[in-house]
Each structure stands twice: as C-alpha cells, then as structure tokens.
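See structure below.
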Number of protein chains: 2
Amino acid sequence: MTKKRKTYHHGDLKPALIAAGLELLEETGLEALSLRAIAARVGVSHTAPKNHFDGLRGLLTAIAAEGFRRHAAEMRRGVEGEPPGTARLHAACDGYLRFALAHPELFRLMFSKALCNHDDPELQAASWASYEVLRGIASGLDWDKADAPGAPWRTEWMLWSMVHGYAMLLIEGQIARAEDGGPPFAASNLMPGFGYREGGTATDPLRSSSDAGPRSAPRRPS
Amino acid sequence: MTKKRKTYHHGDLKPALIAAGLELLEETGLEALSLRAIAARVGVSHTAPKNHFDGLRGLLTAIAAEGFRRHAAEMRRGVEGEPPGTARLHAACDGYLRFALAHPELFRLMFSKALCNHDDPELQAASWASYEVLRGIASGLDWDKADAPGAPWRTEWMLWSMVHGYAMLLIEGQIARAEDGGPPFAASNLMPGFGYREGGTATDPLRSSSDAGPRSAPRRPS
DNA sequence: CCTTTCATATTTCCAATGTAAATTTTTCTG
DNA sequence: CAGAAAAATTTACATTGGAAATATGAAAGG
C-alpha cells in the first residue's frame, strides 16, 4: 500500500517528471536538461517539482537512481544466458559497456558527484545493486591473488576500474569508437588472457545481492 | 617570435585569465567557475575574455590544455628517477593518480567533452603529449600479447582504462579514499603480478613524444 | 451538504549567468 | 599626427534555479 494516488491535480507527477527527464536526456543531452524543460514537457510550472524533489539536484538524483537500475538490468541480462566463468565475466563487462555507450548522457549523470546527491538512500541502494553484479563476477578471477593485500576489494576495484575507465574514455571521445558506434575492442577482447583460476567458479552474480555490504573497506566514504 | 605584446591595455590578459581560472578551480570548484568570476578576479569586465577566447567554452578549453601539460609533467617527474621496467610503470600510474586526486576539479574538466572543445589543436596537442607518457610505458608490458589482435592499441587502452577508471571512481566518491586522502591502493599495488615480459624493456617514455601519431587506429574520432 | 485543512500547483519576483551589439579607450601603423 | 585596428567597457537580453505569496483541488469532519 504505497501512497500512490491517481487522478490528483495532475496525476502522479513524481514518476512523470523522472520519465520526462530520462526522455529529455536522450533527446537533448545532459547540459540542456533544465528544471524548466522537464516541467514544461510534463505540462506543469517550473516550480511544481519542488513539492516532490529537493530542487534540480534532487530530481537529477532520482533520474540517476533509475539509471543505475537499468544499468544493473543490462548487465544481468547478458550474464543470465552464460555459464559461470569467463563467459559471464565478459558478458557482464560487455553489458556495462553497452549501457554506457547506448546512454552516454545518463551514464555521465549517474557518476557525477557534482550533479546528483550520493548521500541519497535511494541512489545508494540502486548504485550498490549495480556494483553487486560486478562484485559477484570478480570473485574467483585469477588476478585475485589471495596473498595480495586488500582482497577481495583490490580485485573488484581493478575490474571495475578497467571497464569503467574504458567506458568513460569512449564516451568522452578520448578513445575512438568503431564504425558501428561500438567500442573498438569488446570488453571481452580488451583483456585477453585474464580469466578465472583453474577449478575456481565465480559467485553467481544473480544471487550475490543477498550478501551483506562491505565491512572493513567501505566502497563509499563515511 | 610569438605575438606576445606586453603592457597592453591590461597586460597579457589571455594568460592571466587562464591562471585565474586555474586558481578559482582549486578554490571554488568547477561548478562555480563562471566567466564573470574569472574576469572579476583579473579585474576586467565579464565580456573582456571574448577578445581572446571563444566564449566560456574556449576559456575552459585553454585551462584544460594547461591541465594536460601539468598532468604529463607529474607523470614524467615520477618516471624520471626510476629504471625502465616495472618501476616506471608504477611511477607513471602513481603520477597519473596523484595528479587526479590533487586536482580533481581540473581533472574532471580535462576529460569533459561537454565543457571543453576537443577539436581545439592546442588541447589536442597537450592531451596527446600526456597520453604519450603512458604509451611509452605500455609498450613491453607482458599483457601485450603480440598475437592478440589490435596491438599495441589494445594494451595501451587497457592500461589507460584501468588507471583512468580508478582515478574517476575515486574522484567521484564511488571508491572510498584512505584516511590521508590518497587511494586505498596505490596504482602500483592495484595490479600486482602485472609487469613486463622477461627481457623486454619499455620504450623510454621521456623520448617517445618524438614518435609519430597514430595511423590505423586513431585515438580520437575523425 | 458544507466547511476546514492540507498537499499540490501556479504566479510573481529575483539574482546570476553567457552572449551579442554598440561604444569607448588604448595601441599600433603609415 | 591621423587613421586603423585591437582591446575593453557599457548596456541589454534571454535563460536558468530558487524563494515567497497565492490559488486550487482533494480529503476529512461536522
């Protein structure tokens, strides 16, 4: 029983604003995503969002949270059909990359501390759920030397850094894309020779979200 | 014989604006870096920069170019004292990271396609010179399988992606920093076990800038 | 059915920003 | 010294996000 009320003044304005923002993001880009433009698309005044979000920053934060949900879904979709092991590693990374290249403006927003509020609980939850997919994949990688300090964080962050950096450099035009708009090397091809240690199996990324959060080395600052 | 003219109307306004922008960037951050604020710090009207730069975007582009020069210098400084091989790899990556964490706002500006003009020749030159340092380091890495397709680009981009992604995730607060503000793992520690192949020596990164640019696989889109 | 109450949305206003046009001031050139 | 060119200012304008006061419509209570 959520507080959903239909046929109010203007219907459910809150989700309507998020949807309009996502559409405008694809059409006009991040820089043109103004509070007034989003409100105008829904058909309300530019101060109407004030009742549902904490200013423009609050609205952008909600949009980013939805972005992280879709981002995680894109990775899971690729992972689902693959058997555990290297195939899933590649599928998850390719999904990470596919989402970033298909929705570059949304992707930039999601990872911009300047534009959205990382302290927002909803954004944190969505962001963490997305990270959990990669997290499950990383466990069992043969780069995960148990004797190296900082495991398993080091391995997770190394994998994450590589695929995230590759996505960012492609989006920002630092690395040229292929003719079809895709990456010049698939994520699965970017790191040949990197797989899982013999006999090791990765944690099922589709179940790993039930794990507890980080302990000694929190992903985010306190 | 550059066109430098001293004691003009207000001295050399062009470099003064760049310097003021760099200062404001450190003090107030990227979002507060307005054309009017920079002009006010120099003591001129907010339309004065128009004579030297193509609007705010042009000024930000010039600031980013200076950022890339300092970025390259920071990496070279670390590399200089180290013998060729793994030590230089680590030194270059640590320099990359050190600059990003010390000047996060400038670093974000440098890699933002939305804020600066990547087609500007000066920015391109500075950006490429910075890339050349990593480029020299990457050649000879043992991940550089000669039989893998796309060499040497694949190897360079893999190294670049990892260190750049790590820097970005740290700057944006996705990965928590250590107590001293530094990374939880040094770049040299993030990737243990990755070194140069036996007997192989890396190209001297301090000389590699004399190499020609890319041919078949350009770094930037055409 | 009517009135009160409150969340919702609008209207109006304001400060800040980037840009353009016209004007003034300074420097260079012949 | 005079005209031309460069540099900087003044003025004006369209947009933006936000604040404050006001209006609107739905829910609740009599």
Side-chain angles (χ1 to χ4, degrees), chain A residues 1-21 24-25 27-64 105 109 112-117 120, chain B residues 1-21 24-25 27-64 105 109 112-117 120:
Chain A
M1 283 300 175
T2 58
K3 280 186 184 177
K4 276 189 181 176
R5 301 168 180 184
K6 288 263 176 180
T7 64
Y8 224 122
H9 242 161
H10 259 93
D12 295 273
L13 184 55
K14 186 168 180 176
L17 287 169
I18 296 175
L24 272 172
L25 207 44
E27 298 171 9
T28 64
L30 183 52
E31 324 311 316
L33 193 65
S34 71
L35 197 55
R36 294 173 116 100
I38 299 176
R41 168 172 282 243
V42 178
V44 296
S45 71
H46 77 282
T47 53
K50 188 83 179 289
N51 294 306
H52 303 277
F53 301 99
D54 186 16
L56 173 63
R57 190 180 175 79
L59 178 49
L60 293 182
T61 300
I63 294 173
E105 304 290 320
L109 169 63
S112 169
K113 192 171 67 176
L115 293 178
C116 50
N117 178 18
D120 180 75
Chain B
M1 282 295 179
T2 58
K3 280 187 183 174
K4 275 187 182 174
R5 300 168 181 186
K6 288 261 178 183
T7 63
Y8 228 122
H9 238 163
H10 258 91
D12 294 273
L13 184 55
K14 188 168 180 176
L17 286 170
I18 296 176
L24 272 172
L25 207 44
E27 297 171 10
T28 64
L30 183 52
E31 325 310 316
L33 192 66
S34 71
L35 197 57
R36 293 171 116 101
I38 299 176
R41 166 171 281 244
V42 178
V44 296
S45 72
H46 73 282
T47 52
K50 189 82 180 291
N51 293 307
H52 303 276
F53 302 99
D54 185 16
L56 173 63
R57 190 178 176 81
L59 177 49
L60 293 182
T61 300
I63 293 173
E105 305 289 320
L109 168 63
S112 169
K113 193 171 64 172
L115 294 177
C116 50
N117 178 17
D120 180 75

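All chains are named by letter (A, B, ...) in the order of the sequence lines, taking the proteins before the strands, and each is independently numbered beginning at 1. Values reported hereafter were calculated over all heavy atoms of this structure, with side chains retained and with hydrogens, waters and symmetry mates removed.
- A donor N or O paired with an acceptor N or O is found under 3.5 Å between the base of C/dA9 and the side-chain atoms of A/Asn51.
- Residues forming a side-chain contact (heavy atoms from CB on, under 4.5 Å) with B/Leu59 (at least two apart in sequence, or on another chain): B/Leu17, B/Ile18, B/Leu35, B/Ile38, B/Phe53, B/Ile63.
- Here the P atom of nucleotide C/dT19 and the CD atom of A/Glu31 are 13 Å apart, to the nearest Å.
- In this structure, NZ of A/Lys14 is placed 15 Å from P of C/dA7, rounded to the nearest angstrom.
- Rounded to whole Å, the distance from CG on A/Asp12 to P on C/dA7 is 17 Å.
- Atom CG in A/Leu59 sits roughly 15 Å away from atom P in D/dT16 (whole-Å rounding).
- Nearest-nucleotide positions on DNA chain C for A/Ser45 and B/Ala32 put A/Ser45 closer to the 5' end.
- For the pair A/Leu13 CG and D/dG25 C1', the interatomic distance rounds to 15 Å; values are reported in whole Å.
- Remark: B/Ala32 pairs with B/Thr28 by the side-chain contact (heavy atoms from CB on, under 4.5 Å) rule, at least two apart or across chains.
- Minimum heavy-atom separation, B/Leu33 to B/Leu56: O-CD1, 4.4 Å.
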Between the protein and nucleotides 17-20 of chain D, which nitrogen or oxygen pairs come in under 3.5 angstrom?
from	atom 1	to	atom 2	distance (Å)
D/dG17	OP1	A/Leu35	N	2.8
D/dG17	OP2	A/Leu35	N	3.0
D/dG17	OP2	A/Arg36	N	3.2
D/dG17	N7	A/Arg36	NH1	2.4
D/dG17	O6	A/Arg36	NH1	3.2
D/dG18	OP2	A/Leu56	N	3.0
D/dG18	O6	A/His46	NE2	2.5
D/dA19	OP2	A/Lys50	NZ	3.2

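- When the salt bridge (Lys or Arg N to Asp or Glu O under 4.0 Å) test is applied to A/Arg36, no partner is found at least two apart in sequence or on another chain.
- Evaluation of the side-chain hydrogen bond (donor to acceptor under 3.5 Å, both in side chains) rule for B/Ser112 yields no partner, not counting sequence neighbours.
- Listed by chain and residue number, A/Val42 satisfy the side-chain contact (heavy atoms from CB on, under 4.5 Å) test with A/Ala16 (two or more places apart in sequence, or in another chain).
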